[in-house]
Amino acid sequence: MRITCPCCGERGLDEFSYRGDATLSRPAGDPPLPGAGAEAWAEYVYLRDNPSGPHRELWYHGAGCRSWLVVTRNTRTHEILDTERAVNVVRATRKDAEA
Amino acid sequence: MSPFDAAPTQSPTPGPTPSGSRPRQPTQPFRLAEGGLIDRDTLVRFHFDGRDFTGHPGDTLASALLANGVRLVGRSFKYHRPRGILSAGPEEPNALVELRTGPRREPNTRATTIELFDGLEASSQNRFPSLRHDLLSINGLLSPILTAGFYYKTFMWPAAFWEKLYEPIIRRAAGLGRAADEADPDHYEKATAFCDVLVVGAGPAGLAAALTAGRAGARVILCEDDAQPGGRLLAEQLSLDGRPARDWVRDALAELGAMPEVRVMSRTTVFGTYDGGTYGALEHVTDHLAATAPHLPRQVLWRIVARRCVLAAGAIERPVVFPGNDRPGIMLAGAVRTYINRFGVAPGRKAVVFANNDDAMRTVADLAKAGIAVAAVVDSRAAPSATSRDAARDAGARLIAGGQVTRAIGGRALTAVRIRDAAGREDIVPCDLLAMSGGWNPNVHLTTHHGGRPEYIASLCAFVPSVLPPGMGVAGMAAGVAGTAAALADGSRAGAEAATACGFATSPLSMPSVPAEPSGIEPLWHTLSAFGGAAGKAFVDFQNDVTAKDIGLARQEGFRAVEHLKRYTTLGMATDQGKTANVNALAIMAELTGRTIPETGTTLIRPPVQPIAIGALAGPHRGGHFKPARLTPTHDWATELGATFTAAGLWQRAQWFARPGDAGWQETVNREVTAVRTAVGICDVTTLGKIDIQGPDAAAFLERVYANAWKKLPVGRARYGLMLREDGFVFDDGTTARLGDTQYVMTTTTANAGPVMQHLEFCHQWLWPDYDVRMISVTDQWAQIAVAGPKSRDVLRQIVDTAYDLSNDAFPYMAAAEITICGGQKARLFRLSFSGELAYEIAVPARFGDALVRRLMQSGAPFGITPYGTEALGVLRIEKGHPAGPELNGQTTAHDLGMGRLLSTRKDFVGRAMAQRPALTDPARPTLVGLRPVAPHDVLPAGAHLLPKGSPATAASDQGWVSSAAWSPSVGSWIGLGLLSNGPARHGEIVCAHDPLGGRVVEVEIVPPVFVDPTGERLHA
Amino acid sequence: MPDPLHARGPLSPSACSYDHGGIRITDMSGRQVAGVALLGGDRAALDATVRQAWGVDLPDTPRIVAGSGLTFAWAGPDQWLALSDAVDDSGPDLEHVLRTTLGPLAAVTDQGDSRVALRISGPGSRDALSRLLPIDLHPRAFSPGNTALTLAGHIGVQVWQVDSCPTYDILVFRSFARSLHHDLCAAARGAARAA
Ligand SMILES: [Zn+2]
């Protein structure tokens, strides 16, 4: 499999490591604010869907530019549909949420 | 005129030879007087089954054996049937031999692909004691029990018998070849190549594709299995533009060779299609050489990344299924032409040609031209074509229209065939060669590796590729396009399409004129009237000895799906992946179940297309180069001192520094530990991960990634940090020092340096992207040496520049500073201790690490300075109760390690929420304790289970384990750390450490986990 | 005043430099290197400061750019390696110079001992390096000034093309230098054999 890093260009799978679902978000809660409940945490830490088809995933270009990436991959064909830097994705998401 | 160089009356027969002398070298009685792409002026000697033969450069082992009249070359896998040579290519299922001897012995090598070299040694497989007199051919008589599903049925019970009894016997009786017993002496390389267009196969279609794409300026890689590119153009009597086809091949190769962006790789098999336009290929570099040069790899495993691929892999001819179709002397019709035309070898003296198609009629003509008698042409088609009639007439052969070969006659060699004509009349025709053809199977393998199922085309009687992997096109016979002219045109089209897709402007190839090549065909899969009768074995899969009867049996037992058929009968599961078998099997299954072939379906084929040596997959990563070694800056110094090294991840670390006279490593380690406790020791700790963290939000970031508090750490101080995973378990620990307002240097464990960096980047780029902070590894930047022991300050005073005050007040425990040493050398000093002694870690830029350690040894000599290794380091930390790798094993929590109080309740951090789960703070969880055997010299085994005294050694009474243990010279006893249920509440209790592996039970006392200086006086001295 | 400490290169003294078949491999360790990473998010200010001090624009793509006395190599988004022109550690302390010049605009970290450069040059060096690196070094894909962070076998490296001889510099973490040197020499022998 080859992934096109937005910074480095197209590279082989060996340069990347996989983390998983990029659609999860870490439950909020900074003490002394009451944090998210146990259920939300269990969902975030343990529960994963296993979708067939396009899936947004976190990958790390550890042997390259050390960017975390959000890769949209078709789990049936391994076709890579899109890659973005994770930091840009999360910033855009937050901007949307604020707007 | 005889077509043969010599005309012996009898072909040479193998047999026992007197020891010490080789039999007289026979000539090559079946070598044709002329023709072939062989160097007739050079003689090559080789040995097969202990007999000497000769051949010529350009021969394969198979062609050379045939030239010498050797037709029996192996015994079959299961029934030990005599087998000869079926094909002339890599699809060969019968002529499998062990190539070379000793450590280079390679089993299951196809004689049809082995290039002959001087001194080649090969031997037949699956025979005992000799090929001719094989005692185990009795398996053939036992065949009723060796049919399909026999393993499943016969050897079901008892399971233990499998390993001890059944498997060894089956392996000996029905095995493949023997692997070499010794280590592989060759070396292998791996490499990556990039191109615009990868062309697989250098037959007419592949050459045309490469020429078209190459002329357009595309970067082209053309891979060809064979040593000689050309494919069928080398094997046929064919003229292009009125010249021999091989001249056209030569010109094409010359043109390709002159194109700077084209690379022709012969002896290179493309074995797999992977994701993203990646292809696996194996280049045979020295397999065709007599002696391997030490600097040459035997094979190179290529990863080829191609924007487009043209599959022009040609096709494989199909056998016909009939009783005895495996007898030596029965050969594929196209292979017969290859032996005649490419190798100048007569595969027999008197031939029968049996086919369902026009292509095979070329064989009739080529046999006749070579002077080989054609006794009969059996054309299964009720109305043979004009091609058949002409061929038979020209060869002076009898044409049996609508006829079938119903049986082969002969034992170790074919002597006759039984023929049935259209009217049902049977006749026996003596012959020593049967050239058969059931049509051609396009080589679709590489198109199926992404799950694309080939499609059956009735008019071709063949499966052709349908759904292709992204970026792949197919051309020529691989796509079912028959005939040289059509293949050239199709190849050019595919090459142009591929190059155009890569942005190159192409123009079509001017096509040579090629005589018409009829290719009419009507289906014929077998000539059996029933499946399973006593007519004799009709083989479908030659290599795995699967017969038509086995398929009948599978159907009877309800295995109708092709995937079930394959697994039940093992059809297609040998090293040839059933290349000559699968389509016939499908057709027979279709007939048996009353379905069409498309309804019956087809199995998919996995990579690799050809067998690959394990060594090639490992490449250079073996032995000492299995993984790269990371060396510390003091490595050479430690080597000079005779240190013993141990691997810590990729790092090589000094384990201990034995001195002459040390009785053993334990004495060495005791001495090193005692030196630290009583004087001073030094140890290279460069391997600990070091991460430079800078930015205004560095402290806030540390608060997120560490479980304990960081904001109040002043500049010039270090602090122990505990890092959790988000699930609440401990991830890593280390000390982090604040070097400036916005600069920290974090240390990690050696093992987790990489994972921690990845984790920090994750936190920074995904969880908390707003923090203004940057990180970079400085592990390799600083050579860091621990200087530990009561005399450590005295030693450091010898080298630290006098401007820096090392007194306890000025530089207390956990102080950190950027200083200079040895007259202005930039350095960092930390007062950290893993041993519990007064201790420091001093860091200099790595290039000075070697000089620093030598200077420390010199300056420390008056104080008894002693280098120590990881073993002593381990003893010292166990004595002090510091958790390390065995305790931070991914299953322990902060509470388990006695560090629950470190977890901050005032901030959010990774792991905070999940660490609070009641189950993770349950006191009944195994918790850190110290362990001390009741008898000090009782060896305390790490890994032992902790059980209440007197309770049975069962899982139910298991209460924990010994995580670390060592002999402590400081305590004068074995000591250990362990994780014990309710541990801290049980100090003083005696429990049993039960080591079922070592068969030992040791009584141990539960004690606090700090054995030396529990009040920490030395640390703060 | 005690004797100063003497520097030592990462390769063993016995590892002689490789020079066969039109491929030369040399140890380029010793050069001053520092990591530079944007802080504060004001990229324009950082660019302006760098331009004024060294007369170059910091690259945003995998390239190296030579300024006056200093070369900047792209090393990730908003990250660079600054390399002094001098091939040894002579000259002013690079980390100090950068810190003084860039102030709060960037995090500066000494990497001169962390990274070691091995240089491979000569007509066969592209073939040799192609055997080791999983990236496309063809002139159409990679030319002088291009850089890449990638893997040489199992070893992380940063490579850039120096000139069209061709010459390449391969930056590697110091502890891996001997392993990489071994692998480079093996690749050079392989390329010589294939040629
Ligand atoms: Zn990248």
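Each chain gets a letter, A, B and so on, in the order its sequence line appears, and its residues count up from 1. Owing to the predicted nature of the structure, the values given are computational and were not obtained by experimental measurement.
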Query raised in the report: Judged by atom type as modelled, is there a donor-acceptor pair below 3.5 Å linking the side chain of C:Ser175 to the main-chain atoms of B:Thr632?
Result: no

Requested in this report: Side-chain contact test, heavy atoms from C-beta onward, threshold under 4.5 Å: evaluate it for C:Val116 versus B:Asp780 and give yes or no.
Outcome: no

Query raised in the report: Hey, is the main chain of C:Leu38 close enough, under 3.5 Å, to the side chain of B:Arg774 for a donor-acceptor pair?
Result: yes

Requested in this report: Given side-chain contact (heavy atoms from CB on, under 4.5 Å), test B:Leu631 with C:Phe176 step by step and report yes or no.
Outcome: CA-CA 7 Å; B:Leu631 305 183; C:Phe176 284 111; over 6 Å; no

Query raised in the report: Who wins among C:Arg115, C:Arg99, C:Gln79 for the most heavy-atom pairs under 4.5 Å with chain B?
Result: C:Arg99

**Report entry** Contact summary for C:Ser179 and B:Ala629, nearest pair of heavy atoms
**Finding:** OG-N, 3.0 Å

Query - Interface moiety of B:Arg303 toward chain C, non-hydrogen atoms closer than 4.5 Å - result: neither

Report summary line: In terms of heavy-atom contacts, C:Asp113 and B:Gln781 come closest through N-OE1, 2.9 Å

Requested in this report: Indicate yes or no for a side-chain donor-acceptor contact from B:Arg847 to the backbone of C:Gly30 under 3.5 Å, with no hydrogens or angles considered.
Outcome: yes

Query raised in the report: Measuring from B:Leu852:CG to C:Arg8:CZ, what's the distance to the nearest 0.5 Å?
Result: 13.5 Å

Query raised in the report: Quick one: of B:Arg219, B:Met775, B:Gln743, B:His635, who has the most non-hydrogen atom pairs under 4.5 Å with chain C?
Result: B:Arg219

**Report entry** chain B contact via C:Val33 - side chain, backbone, both or neither, heavy atoms under 4.5 Å
**Finding:** neither

Query raised in the report: So do C:Ile155 and B:Pro628 actually touch side chain to side chain, heavy atoms under 4.5 Å?
Result: yes

Query raised in the report: Relative to chain B, which segment of C:Asp78 carries a heavy atom at a distance below 4.5 Å: side chain, backbone, both, or neither?
Result: both

Query raised in the report: Most heavy-atom pairs under 4.5 angstrom with chain C, which of B:Pro696, B:Ala191, B:Ser859?
Result: B:Ala191

Query - Taking every non-hydrogen atom, the tightest pair across B:Gln825 and C:Leu5 - result: CG-CD1, 4.1 Å

Report task. Identify which part of B:Trp302 has an atom lying under 4.5 Å from any heavy atom of chain C, answering side chain, backbone, both or neither. Result -> side chain

Query - Side chains of C:His6 and B:Arg854 in contact at under 4.5 Å (non-hydrogen atoms) - result: no

Requested in this report: Please flag which part of B:Val773 lies under 4.5 Å from any non-hydrogen atom of chain C: side chain, backbone, both or neither.
Outcome: backbone

Report summary line: Filtered by a 4.5 Å non-hydrogen cutoff, the part of residues 128-142 of chain C contacting chain B is C:Ser130, C:Arg131, C:Leu133, C:Pro134, C:Ile135, C:Asp136, C:His138, C:Arg140

Query - B:Phe626 portion near chain C, given a 4.5 angstrom heavy-atom threshold - result: backbone

Requested in this report: Using modelled atom types only, decide if a donor and an acceptor are shared between the side chain of B:Gln694 and the backbone of C:Leu39 within a distance under 3.5 Å.
Outcome: no

Query raised in the report: By a 4.5 Å heavy-atom criterion (distance strictly below it), what part of B:Ile776 contacts chain C: side chain, backbone, both, or neither?
Result: side chain

**Report entry** Contact origin within B:Asp770 toward chain C - heavy atom pairs under 4.5 Å
**Finding:** neither

Requested in this report: Just give me the residue among B:Arg630, B:Glu261, B:His625 that pairs up with chain C most often, heavy atom to heavy atom, under 4.5 Å.
Outcome: B:Arg630

Report task. Only counting residues at least two apart or in another chain, list the ones meeting ring pair (Phe, Tyr, Trp, His ring centres under 6.0 Å) with C:His154. Result -> B:His621

Query - Structural part of B:Gln652 lying under 4.5 Å from a heavy atom of chain C - result: neither

Query raised in the report: If you count heavy-atom pairs under 4.5 Å between each of C:Gly190, C:Gly35, C:Gly40 and chain B, which one has the most?
Result: C:Gly40

**Report entry** Salt bridge present between B:Glu189 and C:Arg189 (N-O < 4.0 angstrom)
**Finding:** no

**Report entry** Between B:Leu650, B:Val285, B:Thr802, the one whose heavy-atom pairs under 4.5 Å with chain C are most numerous
**Finding:** B:Val285

Query - Part of B:Lys826 lying under 4.5 Å from any heavy atom of chain C - result: side chain

Requested in this report: Using a cut-off of 6.0 Å, state whether more than 12 heavy atoms not belonging to B:Glu640 lie near its atom CD.
Outcome: yes

